[in-house]
Amino acid sequence: MTIIADRCRDIDVTVVDIKKEKIKAWNSDRLPIYEPGLEPILRSRLGKNLHFSHNVDQAIFEADCVFISVNTPTKTNGLGSGKASDLKYLEQSARRIASASKEHTIVVEKSTLPVKSAETIKTVLEALGQGKSYEVLSNPEFMAEGSAVNDLLNPDRVLIGGDSASACNQLSAVYEQWVPKEKIIKTNLWSSEMAKLASNAFLAQRVSSINALSAFCEVTGADVLEVSNAIGKDTRIGGRFLQAGPGFGGSCFRKDILNLVYLCEHYGLHEVAKYWEQVVAINEWQKQRIAKIVTEKLFNTLSGKMIAILGFAFKKNTNDCRETPAISICKYLLEEGACLKIYDPRVDEGQIQTEISRAAVNKTEKIKVNKDVYDAINGTDAILLLTEWDEFNRIDWQTVSKIMRPPSWVFDTRGVLDSDIIAKEGLKYWRLGKGDETTKTYEIR
Ligand code: UGA
């Protein structure tokens with residue numbers, strides 16, 4: 001909405017939420033999320049044509065177009081529990097729009113939703129919004145956290161799904177103020193909803209594919225960085241989203257795939273459901289596998305050992321730690337008896353404590369969150385790098401070698417550190433998708 005306000009000065013954008021504290025945070029001096037490049041643009045439009053308000057009904061009444069951007073978490077009980085999306089916030093939003101809107105409103109689903117969700121919105125609006133008219137569009141969002149501003153300013157495509165050509169054209173006109181027309185794709189409602197789920201499923205599938213191969217590289221002597229570089233040079237495959245790592249995190253991939261799995265099962269497509277479920281299964285396996293390797297390298301016991309966790313966010317340039325692989329990996333290490341010292345340049349201590357206490361009950365006294373990377377490393381037996389923050393490339397390994405307990409291990413799950421410099425300081429180095437070069441011999445079959 002900040003980008004729309006910035007690119008379309010003639011449009012008044014009001015962001016509303018039923019939670020007053022959320023709105024207060026967006027109007028305060030400290031934004032509630034870290035997103036590079038967002039703050040200056042937001043500040044330049046705030047109070048002009050960009051407003052944050054908790055007066056939901058008034059904003060709906062004044063609007064020509066309402067975007068529904070509510071969360072759709074995975075259901076935790078009832079039908080479809082653990083897989084299907086909970087659409088209660090979507091339904092509540094539709095009800096609120098039906099009661100507060102004026103005579104004609106374009107309603108846009110921006111949240112990622114199961115295919116056919118627009119039907120729910122339409123049914124509610126038609127049943128409750130008597131005497132008023134609505135057009136429902138699907139306009140899924142493809143930006144990624146950490147690069148959101150650039151993704152929104154220069155999108156690969158904008159997708160608008162809907163039955164009404166006039167409503168589609170009105171929404172298209174908003175994007176056309178900065179997005180080339182040929183990048184705006186118009187489809188029917190269901191294709192648009194499906195394309196969003198499918199895009200995330202494809203991206204996650206690439207990550208699971210390269211992660212599966214990372215394990216294969218480690219046992220055969222291949223190097224996953226060389227392999228992904230070679231694969232990615234094929235223009236039919238392309239080089240992006242081929243970085244092996246500790247598993248995908250974030251609020252979307254797992255949820256969206258499970259949603260797809262649920263829908264496939266619902267329609268009796270059990271083989272298709274199993275296919276996509278495996279993408280999630282490999283992701284869970286990768287996290288367990290990493291914790292197991294760390295344990296094995298530290299003489300099969302983590303009891304009495306101290307491990308520095310570098311990075312807690314699910315990727316660099318965000319302070320978001322929803323579904324971050326760090327949560328499961330820390331849980332496994334804590335279960336093995338390790339003490340953890342965690343450092344992340346952007347994630348708050350409170351957030352880390354909350355996530356760990358939720359995942360590993362009664363283990364929070366075994367973790368310490370440090371504000372300085374060297375304090376986190378001091379006295380540890382091993383470093384486990386989980387997020388690829390750029391600042392980790394500037395670590396002084398000579399200093400590190402003096403403050404760790406030997407034999408000191410560095411486990412690099414993102415393949416971003418310089419192994420030569422680390423080895424020169426007498427530290428042992430293991431890299432995901434390559435393994436430990438110093439001690440390994442490979443079986444030839
Ligand atoms: C993802 C999609 O990339 C966006 O297009 C989509 O709009 C968004 O979900 C959404 O549905 O809201 P996001 O979750 O912000 O965006 O982050 P990604 O950059 O996709 O990364 C997801 C996870 O995959 C991260 O944990 C990242 O470290 C991991 N990843 C990504 C890899 O391990 N290797 C890669 O090569 C790429």
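Numbering of ligands and ligand atoms starts at 1, following listing order. Positions are given from 1 along the sequence. Only this structure's heavy atoms are used, side chains among them; waters, hydrogens and symmetry mates stay out.
- Close N/O approach between T112 and ligand 1 is not found [any backbone or side-chain N/O within under 3.5 Å].
- For the pair V207 and ligand 1, the shortest N or O to N or O distance does not fall below 3.5 Å.
- Taking atom 19 (O) of ligand 1 as the reference point, the nearest protein heavy-atom neighbour is K315 NZ, 2.8 Å.
- Closest to atom 36 (O) of ligand 1 among all protein heavy atoms lies Q243 N, 2.9 Å.
- In the candidate list F248, F241, F314, F314 is nearest to atom 14 (O) of ligand 1, counting heavy atoms.
- Contacts with ligand 1 closer than 4.0 Å are made by side-chain heavy atoms of K196 only, the backbone lying farther away.
- Checked by distance only, ligand 1 and G249 come closer than 3.5 Å through their nitrogen or oxygen atoms.
- For R346 and Y34, the positive end sits near the middle of the six-membered ring, less than 6.0 Å away and at most 45° from its axis.
- At a 3.5 angstrom cut-off on N or O pairs, D256 does not count as close to ligand 1.
- With respect to atom 12 (O) of ligand 1, the closest heavy atom belonging to the protein is C252 SG, 2.9 Å.
- Remark: minimum distance from atom 15 (O) of ligand 1 to any protein heavy atom is reached at E145 N, 2.7 Å.
- Note: no N/O pair closer than 3.5 Å links A144 and ligand 1 by distance alone.
- Residue-environment remark: NZ (K183) exceeds the threshold of 12 foreign heavy atoms within 6.0 Å.
- Cation-pi geometry between R254 and F248 is not satisfied (NZ or CZ under 6.0 Å from the ring centre, within 45° of the ring normal).
- Between W178 and Y175, the two ring planes are tilted [angle within 30° to 60°].
- Between D436 and K428 there is no salt bridge, since no side-chain nitrogen of the basic residue lies less than 4.0 Å from a carboxylate oxygen of the acidic one.
- Backbone and side-chain nitrogen or oxygen atoms of A244 are examined, and none is located within less than 3.5 angstrom of a nitrogen or oxygen of ligand 1.
- In terms of N/O distances under 3.5 Å, ligand 1 is not approached by E388.
- To the nearest 0.5 Å, atoms CH2 (W389) and CZ (F312) are separated by 13.5 Å.
- Contacts with ligand 1 closer than 4.0 Å are made by no heavy atom of R254, backbone or side chain.
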side-chain contact (heavy atoms from CB on, under 4.5 Å) for L171 and V108? Distances and angles first, verdict last.
CA-CA 9 Å; L171 183 57; V108 183; 4.1 Å; yes
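- T72 and K88 form no side-chain donor-acceptor contact under 3.5 Å, judged by distance and modelled atom types alone.
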